[in-house]
Amino acid sequence: MAHDIQILTEAELREVVSLDLTLVDVIERAFAALASGHVVMPPILSMELPEANGEVDVKTAYIPGFDGFAIKVSPGFFDNPKLGLPSLNGLMILFSAKTGLVEALFLDNGYLTDLRTAAAGAVAARHLAPETVETAGVIGTGVQARLQIKAAHLVRPFQSVLVWGRDADKAVACAEDLARDLGIEARATDDPAHLVAQSQLVVTTTPAREPVLMADWLHPGLHITAMGSDQAGKNEIEPQALLRADAYICDRVSQCETAGEMEAVLKAGLWNRGTPPELGEIITGAMPGRKADSDITICDLTGTGAQDTAIATHVRAQFGGAGTVIRA
């Protein structure tokens, strides 16, 4: 029997879906569900294609109580800019959790991934950052640098932002965009240590394979969200920093051990604290997060299939009439 399938392009998705507190709440619910132990979330399928200077990641999760589950395919082909093409693209397929039938196809080219990643940063800030944040800092100058700061501002409305990147011109451009979009003071700095010293909330958004934030820079009352490391070998935070923090929290421990900040700590043989808590456990209150304003907290976000299922079902529920419908 034929059934309807909704198809939305990136342009159509950009018209209807944006980064807001409703989306943050949706992603928070997904993390809370992860803590229940009932979510079915297999390991990330990751395929490196060295001959094409590319990689493909596939993520998925089934969350009890959600109407659907998503399978997301994210190719990255990093020579594409030479051909006048974007290096990242991809799509999400939403299936019915009851029948397994395809319900929607989101040809988002990574847009929904960008939003759900930023929303996860807001969830981390909501539950781990100090109640009062006057200055936020971001290390990195790309799309996520902008989105992570906008997301954090939704839950911790700070008055100023500092930006650092290896390319000073890109840092200035990022700061100008944030100042315009948020209506607050934002400026670039040439000293990442100064950025951390002045900030109560710092987000790292780089593809670095050598640390860009050092353990000696940590200070009481600091929260760090590290979201750039999502592949083996990436490392933004000096390993000793995880040991100096009062709390180190993973989005998913098994992923952080192999593709997040914890990988470098384990490789160095430094970790001696047992299994870290996960963000969902902080949300549900099963594990403590920040215990005092003076605590130093670090949240390691590698990106989960649960987030993909959460945003895909949200789009379907809220904007089911958008785009094109085909009979299949």
Side-chain angles (χ1 to χ4, degrees), residues 19 78 81 87-88 114 117-118 121-122 124-125 128-130 132-231 233-245 248 260-261 264-265 294 296-301:
L19 181 60
F78 304 110
S87 58
L88 301 176
D114 283 341
T117 301
L128 293 167
T132 301
V133 175
E134 295 177 357
T135 300
V138 61
I139 294 178
T141 60
V143 170
Q144 273 301 313
R146 291 162 169 80
L147 285 176
Q148 286 287 338
I149 289 298
K150 291 177 184 178
H153 193 260
L154 291 171
V155 297
R156 291 291 189 274
F158 39 82
Q159 294 304 307
S160 65
V161 179
L162 294 172
V163 181
W164 179 84
R166 289 195 173 94
D167 186 320
D169 290 339
K170 289 182 179 179
V172 169
C174 181
E176 289 175 347
D177 287 349
L178 289 169
R180 182 191 65 244
D181 293 346
L182 293 177
I184 62 176
E185 179 192 7
R187 59 185 177 86
T189 176
D190 59 3
D191 183 356
H194 171 76
L195 177 150
V196 175
Q198 297 299 312
S199 301
Q200 296 82 49
L201 166 63
V202 173
V203 189
T204 57
T205 69
T206 74
R209 291 180 176 268
E210 297 289 337
V212 294
L213 194 155
M214 310 307 288
D216 287 345
W217 302 351
L218 302 184
H219 59 82
L222 175 65
H223 170 70
I224 298 167
T225 296
M227 55 69 53
S229 295
D230 58 357
Q231 293 277 342
K234 290 185 178 180
N235 177 210
E236 295 188 292
I237 311 296
E238 187 178 23
Q240 290 84 350
L242 271 60
L243 300 173
R244 293 193 186 183
Y248 165 68
E261 297 304 321
V265 181
S294 60
I296 299 168
T297 54
I298 299 175
C299 189
D300 193 354
L301 301 178

Once side-chain hydrogen bond (donor to acceptor under 3.5 Å, both in side chains) is applied, do any residues pair with [X], and if so which ones, sequence neighbours excluded?
{"X": "S199", "result": "none"}
{"X": "R244", "result": "D216"}
{"X": "E261", "result": "S229, N235"}
{"X": "T189", "result": "none"}

Self-check item: Flag, side chain of E236 to backbone of G228, donor-acceptor distance under 3.5 Å
Solution: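 Yes, E236 side chain to G228 backbone: donor-acceptor pair under 3.5 Å.
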Exercise. Measure from the side-chain N and O atoms of Q148 to the backbone N and O of T117, and report whether any donor-acceptor pair falls under 3.5 Å.
Key: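 Between the backbone of T117 and the side chain of Q148 there is a qualifying donor-acceptor contact (under 3.5 Å).
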Is any side-chain heavy atom of [X] closer than 4.5 Å to a side-chain heavy atom of [Y]?
{"X": "L19", "Y": "L154", "value": "yes"}
{"X": "T204", "Y": "T225", "value": "no"}
{"X": "V203", "Y": "I139", "value": "no"}

Enumerate the salt bridge (Lys or Arg N to Asp or Glu O under 4.0 Å) contacts for [range], please, sequence neighbours excluded, ordered by first and then second residue.
{"range": "residues 200-212", "value": "none"}
{"range": "residues 187-206", "value": "E185-R187"}
{"range": "residues 157-172", "value": "none"}
{"range": "residues 134-158", "value": "E131-R156, R146-D177, K150-D181"}

Taking all non-hydrogen atoms of both residues into account, name the closest pair between [X] and [Y] and its distance.
{"X": "L213", "Y": "V202", "answer": "CD1-CG1, 3.9 Å"}
{"X": "P192", "Y": "V212", "answer": "CB-O, 4.5 Å"}
{"X": "S160", "Y": "I184", "answer": "N-CD1, 4.3 Å"}
{"X": "C299", "Y": "A124", "answer": "SG-CB, 3.8 Å"}
{"X": "A129", "Y": "L201", "answer": "CB-CD1, 4.5 Å"}
{"X": "G137", "Y": "I149", "answer": "O-CD1, 4.1 Å"}

Quiz item: What residue pairs, at least two apart or across chains, pass ring pair (Phe, Tyr, Trp, His ring centres under 6.0 Å) with a residue in residues 179-229?
Solution: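 Those involving residues 179-229 do not exist here.
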Practice problem: Name all pairs fulfilling the ring pair (Phe, Tyr, Trp, His ring centres under 6.0 Å) condition that reach into residues 143-183, sequence neighbours left out, sorted by first residue then second. | Solution: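 Applying ring pair (Phe, Tyr, Trp, His ring centres under 6.0 Å) to every pair that reaches into residues 143-183, excluding sequence neighbours, yields H153-F158.
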Practice problem: Please identify each residue that fulfils side-chain contact (heavy atoms from CB on, under 4.5 Å) with L243, with sequence neighbours left out. | Solution: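 If we apply the side-chain contact (heavy atoms from CB on, under 4.5 Å) test to L243, skipping adjacent residues, the hits are L270, W271, N272.
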Quiz item: With sequence neighbours left out, what residues match A241 under side-chain contact (heavy atoms from CB on, under 4.5 Å)?
Solution: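 Result, side-chain contact (heavy atoms from CB on, under 4.5 Å) vs A241: A215, L218, I237, I298.
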Quiz item: Would you say the side chains of T205 and Q144 form a donor-acceptor pair under 3.5 Å?
Solution: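 No pair is found: no donor N or O on one side chain lies under 3.5 Å from an acceptor on the other.
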